[in-house]
**Q** 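One structure coming up, written as structure tokens, with questions to follow.
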Amino acid sequence: YADLEDGRGFAVIAGWPVDEFSFDENVIAFCGVGAHMGDIVIQNYEGDAVVSVRDEGVPYSHKSRGYRSNKHLPFHSDGSDSVDPLCLGESARGGRSPLVGATRAFNIILEEKPEILEILGQGFYHHRRGQHDAGEAPLSADRIPVFAFANGFLHCCYNLNPIEWAEKEGVTLTPEELTALDYFDSILERPELRIETGFHKGDMQFLNNFVILHSRTEYEDDASQRHLVRLWMESPASKRMGESLLDLYV
């Protein structure tokens with residue numbers, strides 16, 4: 001937990017013997033570990049507190065969530081204080097998980113193009129991907145800042161695809177906004193800023209969503225199938241209590 005709050009922003013506990021236990025037993029054990037880090041919260045409109053991240057053959061679009069497909073996911077943050085997967089099975093090919101420090105990206109922008117920070121600070125509307133009641137707005141009620149300060153600490157909250165999908169509901173991104181997003185994404189793709197991890201069976205990974213952005217490469221299954229179980233957690237003890245994407249989907 002100290003690593004998440006005050007250190008590198010992520011941690012891995014490796015070697016949990018998943019093959020010795022049933023699916024339910026593995027979930028119980030993972031929730032037990034996770035409960036030391038924060039409160040386990042609901043992740044979607046359907047009310048699931050534990051989500052299986054695997055290829056269900058669902059196209060990744062403005063009508064679905066990325067954890068149900070095998071497609072590439074650009075760098076983003078998830079909905080809660082931390083996102084925490086346990087690997088129950090590995091893909092045959094692909095499915096790696098690059099990580100980038102959001103604070104480092106912020107500092108690079110500050111050095112290279114500080115004027116972009118005003119646009120990123122104003123934020124963007126996000127598409128809710130159908131995760132809301134009938135009759136509710138399909139977009140976030142307000143713009144969600146990419147970078148913001150709360151309690152004196154920098155917070156990052158970013159997901160490019162829902163920002164772009166907002167255009168399906170009549171939102172028009174200005175040329176300046178598109179330039180800012182392209183520039184930010186180009187920073188996240190710089191190889192020297194990235195750590196690229198794979199998921200090995202038995203890995204428990206913990207990411208602080210406010211300071212770490214993660215991606216996923218496209219993957220393929222065969223006899224070996226990629227299967228993560230994911231927790232979202234909120235920590236009442238966290239010093240970072242900024243706005244997240246949690247309210248979009250639950």
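Computed from a predicted structure; not experimentally measured.
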**Q** Taking only residues two or more places apart in sequence or in another chain, which ones pass side-chain contact (heavy atoms from CB on, under 4.5 Å) with F21?
**A**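 Partners of F21 by the side-chain contact (heavy atoms from CB on, under 4.5 Å) criterion, ordered by chain and then number, come out as W16, P17, E25, N26.
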
**Q** Are L207 and Y67 connected, step by step, through hydrophobic side chains (Ile, Leu, Val, Met, Phe, Trp, Tyr) whose heavy atoms are closer than 4.5 Å?
**A**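 The answer is no; the residues belong to distinct hydrophobic clusters.
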
**Q** With sequence neighbours excluded, tell me which residues meet salt bridge (charged side-chain N to carboxylate O under 4.0 Å, His left out) with R68.
**A** E56

**Q** My understanding is that only residues two or more places apart in sequence, or in another chain, count here; which of them pass salt bridge (charged side-chain N to carboxylate O under 4.0 Å, His left out) with E169?
**A** none

**Q** Rounded to the nearest 0.5 Å, what separation is found between the CD atom of Q131 and the CG atom of N44?
**A**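 Rounded to the nearest 0.5 Å, the CD-CG separation comes out at 5.5 Å.
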
**Q** Using a 6.0 Å distance limit plus a 45 degree cone around the ring axis, check whether R226 lies over the aromatic ring of Y219.
**A**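 So R226 does make the cation-pi contact.
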
**Q** Hydrophobic side-chain clustering at under 4.5 Å (ILVMFWY, transitive links): who's grouped with V12? Put none if nobody.
**A**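 Members besides V12: none; it forms no cluster.
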
**Q** How would you list, by chain and number, every residue that makes a salt bridge (charged side-chain N to carboxylate O under 4.0 Å, His left out) with E164, sequence neighbours excluded?
**A**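 Applying salt bridge (charged side-chain N to carboxylate O under 4.0 Å, His left out) to E164 gives none.
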
**Q** Any chance CD of E118 has more than 12 other-residue heavy atoms, nucleotides or ligands included, within less than 6.0 Å?
**A**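 Atom CD in E118 is not crowded, with 12 or fewer foreign heavy atoms closer than 6.0 Å.
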
**Q** Sequence neighbours left out, what passes side-chain contact (heavy atoms from CB on, under 4.5 Å) with E112? Give chain and number order.
**A**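 For E112 the side-chain contact (heavy atoms from CB on, under 4.5 Å) partners, ignoring immediate neighbours, are I108, Y183, R190.
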
**Q** State the CD-OG distance between E5 and S238, to the nearest 0.5 angstrom.
**A**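 Rounded to the nearest 0.5 Å, the CD-OG separation comes out at 3.5 Å.
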
**Q** Show me the pairs that pass salt bridge (Lys or Arg N to Asp or Glu O under 4.0 Å) and involve residues 198-220, at least two apart or across chains.
**A** D19-K201, K71-E218, R93-E220

**Q** Hey, could you give me each pair passing ring-ring contact (aromatic ring centres under 6.0 Å, His included) that has a residue in residues 69-120? Not counting sequence neighbours.
**A** H76-H214, F106-F147, F106-F149

**Q** Could you work out, with salt bridge (charged side-chain N to carboxylate O under 4.0 Å, His left out) as the rule, every residue matching R96, not counting sequence neighbours?
**A**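 Expected list: E196.
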
**Q** Y1: which residues meet the ring pair (Phe, Tyr, Trp, His ring centres under 6.0 Å) condition with it, sequence neighbours left out?
**A**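 Residues passing ring pair (Phe, Tyr, Trp, His ring centres under 6.0 Å) with Y1: none at all.
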
**Q** Name all residues meeting the side-chain contact (heavy atoms from CB on, under 4.5 Å) criterion together with A2; count only those two or more places apart in sequence or in a different chain, and write none if there are none.
**A**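 Per chain and number, A2 pairs via side-chain contact (heavy atoms from CB on, under 4.5 Å) with no residue.
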
**Q** Which residues, ordered by chain and number, are linked to F153 in its hydrophobic cluster, where ILVMFWY side chains connect at heavy-atom gaps below 4.5 Å, directly or through other members?
**A**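 Via sub-4.5 Å side-chain contacts, F153 links to none.
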
